[in-house]
Each structure stands twice: as structure tokens, then as C-alpha cells.
Amino acid sequence: MIHVYAIAEGLAALPGLRGLEDAELEWLAIAGLDVVVSEVDDDVDLGEQAVLQHAAVVEALMARSEAILPGRLGPRFTDVGDLEAAVKAQTEGLRAALREVGGCVELGLRVLEPEQGSSGGSARSGSDYLRRRLEERRVSVRRAYELHEPLSRLARASSSREGQTRGEVLEAAYLLAADEVERFRRELARLEETETDLAFVCTGPWPPYTFASSTGL
């Protein structure tokens with residue numbers, strides 16, 4: 001099976017790292033694109049160690065490339081021929097995606113609402129408490145999206161959705177030119193100073209995982 005770490009343009013050299021299962025990295029040229037892969041067993045363990053190894057290779061490739069589309073974790077191609085067919089079928093879309101992410105990194109943002117330890121103190125019933133909590137969350141989500149707007153204007157592209165875990169009201173990702181990261185962080189710090197009811201967790205810079213997901217590779 002073939003595991004894809006990334007599709008890139010302008011790759012200068014392979015990093016001195018091993019891939020999943022300690023496999024040697026391979027650099028393939030397909031339809032004028034640089035594709036970095038390794039061979040893995042059908043039943044490769046895709047646990048925490050594999051996640052970390054995959055991420056390490058992708059980050060090292062990003063530092064050596066003009067543009068990079070990180071691959072998904074896990075083997076999905078039976079052999080090189082299968083991979084070549086998939087890349088050639090999507091060449092135009094892959095090139096467009098590489099143009100979009102060229103010279104860029106991804107920053108992630110989670111917006112959290114405050115702990116609600118005493119929220120139900122004055123509630124007359126359980127349903128009253130639930131209605132109050134739903135309204136509080138609606139207000140927090142709306143405010144989080146309002147704060148997301150000026151941040152998204154600083155980015156080449158952005159992605160957002162309502163938070164999926166307890167206490168999280170917004171998850172967002174921003175595609176930024178590498179030299180715009182500090183400007184983004186300054187704007188986020190300014191927004192944090194004006195917003196006392198929400199907390200912000202910013203991560204990255206990362207390879208542009210979110211903005212490579214549409215390629216399907």
C-alpha cells in the first residue's frame with residue numbers, strides 16, 4: 001500500500017526522516033507535481049505514533065517546498081499506478097489548490113465560553129435552566145462569529161464552524177501568508193483585550209491541512 005504525505009511544488013529535497021513503519025520516503029514526479037510517499041503494510045497502525053510521524057514529515061516538507069498540500073493519514077492507494085491515476089485525474093484542481101496555499105501557513109483558533117458554574121442558581125426549573133443556557137450559548141456563538149470576521153479579513157482564506165465540544169463556541173482556521181502571522185496575532189490580542197466573556201486558544205502555524213482537504217488525497 002502507498003501512503004501519501006504531501007503533494008508539493010518546488011520541493012528542494014527530501015527531509016532526513018523516516019516515514020510510517022520506519023519506511024524510507026520516496027519522491028515521485030506525477031503530472032509535474034512532487035508527491036512524497038512511502039510503502040506501508042495493509043494493516044499499518046494509525047495510532048498516535050503514526051499521527052506524529054506523519055505530521056513531522058509534512059512539516060519538514062513544508063520547510064523545503066514552495067507550496068504543499070498535506071495528505072490524509074492512512075494508506076488509500078494499492079500501488080503507484082493507482083496513485084498516479086488519482087493525481088492525474090485531479091491535476092488541475094491540485095494545481096489550483098497549490099496556488100492558493102503557496103507561501104502560506106495555517107493558524108487554528110478555538111473560542112471558548114466561560115464556565116457556567118452558577119448559571120442555574122436562580123432558575124425556577126430544569127427547563128428554565130436549559131432555556132437560559134441555550135440563550136447564553138446563542139449569544140456566545142454570535143459574538144464569536146463577530147470576532148471571527150475581522151480576523152478572516154486578514155487571511156487569504158478561512159474556515160469556521162460552531163464548536164463541537166462542551167464549552168467551545170467556535171472552531172476556525174485561517175490561511176495566512178507566512179509574513180502576516182504576527183499581524184494576525186496582534187489583531188487577535190487586541191480583540192482579546194476587548195472581549196472579557198470569551199477565551200481564545202490560537203495554535204500554529206501549521207501546514208495548511210484544512211485547506212488541502214478538498215483535494216481528496
Side-chain angles (χ1 to χ4, degrees), residues 1-41 44-46 48-109 154-159 172-182 184 202-217:
M1 298 291 287
I2 302 296
H3 175 74
V4 177
Y5 297 91
I7 296 175
E9 282 187 327
L11 179 61
L14 287 176
L17 297 174
R18 307 289 289 187
L20 272 61
E21 300 182 316
D22 201 37
E24 183 177 356
L25 299 179
E26 298 181 53
W27 180 354
L28 306 177
I30 305 176
L33 300 174
D34 301 312
V35 186
V36 179
V37 305
S38 71
E39 293 189 16
V40 295
D41 293 334
V44 58
D45 182 356
L46 298 178
E48 181 179 0
Q49 183 59 40
V51 172
L52 294 174
Q53 188 63 48
H54 177 87
V57 171
V58 171
E59 289 191 29
L61 290 170
M62 183 172 71
R64 293 164 171 80
S65 304
E66 296 173 3
I68 185 172
L69 297 173
R72 297 179 184 178
L73 183 64
R76 294 179 319 286
F77 301 100
T78 55
D79 53 32
V80 171
D82 186 24
L83 171 60
E84 287 181 340
V87 172
K88 289 177 180 178
Q90 298 186 55
T91 299
E92 185 175 339
L94 291 169
R95 289 192 184 282
L98 285 162
R99 285 194 297 272
E100 180 180 36
V101 304
C104 292
V105 296
E106 178 177 323
L107 289 186
L109 180 67
L154 298 177
R156 184 177 296 187
S158 66
S159 172
Y174 305 88
L175 183 68
L176 295 157
D179 59 3
E180 289 292 332
V181 170
E182 287 309 311
F184 180 93
C202 185
T203 61
W206 310 111
Y209 285 98
T210 300
F211 304 94
S213 60
S214 63
T215 65
L217 295 176

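The figures that follow rest on heavy atoms only: side chains count, while hydrogens, waters and symmetry mates do not.
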With a 4.5 Å heavy-atom cut-off, do [X] and [Y] have their side chains touching?
{"X": "Tyr174", "Y": "Arg156", "answer": "no"}
{"X": "Leu20", "Y": "Leu46", "answer": "yes"}
{"X": "Ile68", "Y": "Ile7", "answer": "no"}
{"X": "Glu9", "Y": "Arg95", "answer": "yes"}

Spatial distance of atom [atom1] ([X]) from atom [atom2] ([Y]) [nearest 0.5 Å]:
{"X": "Thr203", "Y": "Leu109", "atom1": "OG1", "atom2": "CG", "answer": "8.0 Å"}
{"X": "Asp22", "Y": "Leu17", "atom1": "CG", "atom2": "CG", "answer": "11.0 Å"}
{"X": "Leu83", "Y": "His3", "atom1": "CG", "atom2": "NE2", "answer": "11.5 Å"}

Which pair of heavy atoms, one from [X] and one from [Y], lies closest together, and at what distance?
{"X": "Phe184", "Y": "Cys202", "answer": "CE2-SG, 4.4 Å"}
{"X": "Asp41", "Y": "Glu21", "answer": "N-OE1, 2.9 Å"}
{"X": "Leu61", "Y": "Pro15", "answer": "CD2-CD, 3.6 Å"}
{"X": "Pro208", "Y": "Met62", "answer": "CD-SD, 4.4 Å"}
{"X": "Ala67", "Y": "Leu98", "answer": "CB-O, 3.5 Å"}
{"X": "Asp82", "Y": "Asp79", "answer": "N-OD1, 2.8 Å"}

Please list every donor-acceptor pair under 3.5 Å in which a side-chain atom of residues 100-108 meets a protein atom from a residue at least two apart or in another chain.
unit_1, atom_1, unit_2, atom_2, d
Glu106, OE1, Tyr209, N, 3.1
Glu106, OE1, Thr210, N, 2.9
Glu106, OE1, Thr210, OG1, 3.4
Glu106, OE2, Thr210, OG1, 2.8

Is there a donor-acceptor pair closer than 3.5 Å between any side-chain N or O of Thr91 and the backbone N or O of Lys88?
-> yes
Side chain His54, main chain Gly71, donor-acceptor under 3.5 Å | yes
Taking distance alone, no hydrogens or angles, what donor-acceptor pairs closer than 3.5 Å link side-chain atoms of residues 24-38 to residues at least two apart or in another chain?
unit_1, atom_1, unit_2, atom_2, d
Trp27, NE1, Asp34, OD1, 3.1
Asp34, OD2, Gly10, N, 3.4
Asp34, OD2, Leu11, N, 3.2
Ser38, OG, Tyr5, OH, 2.7

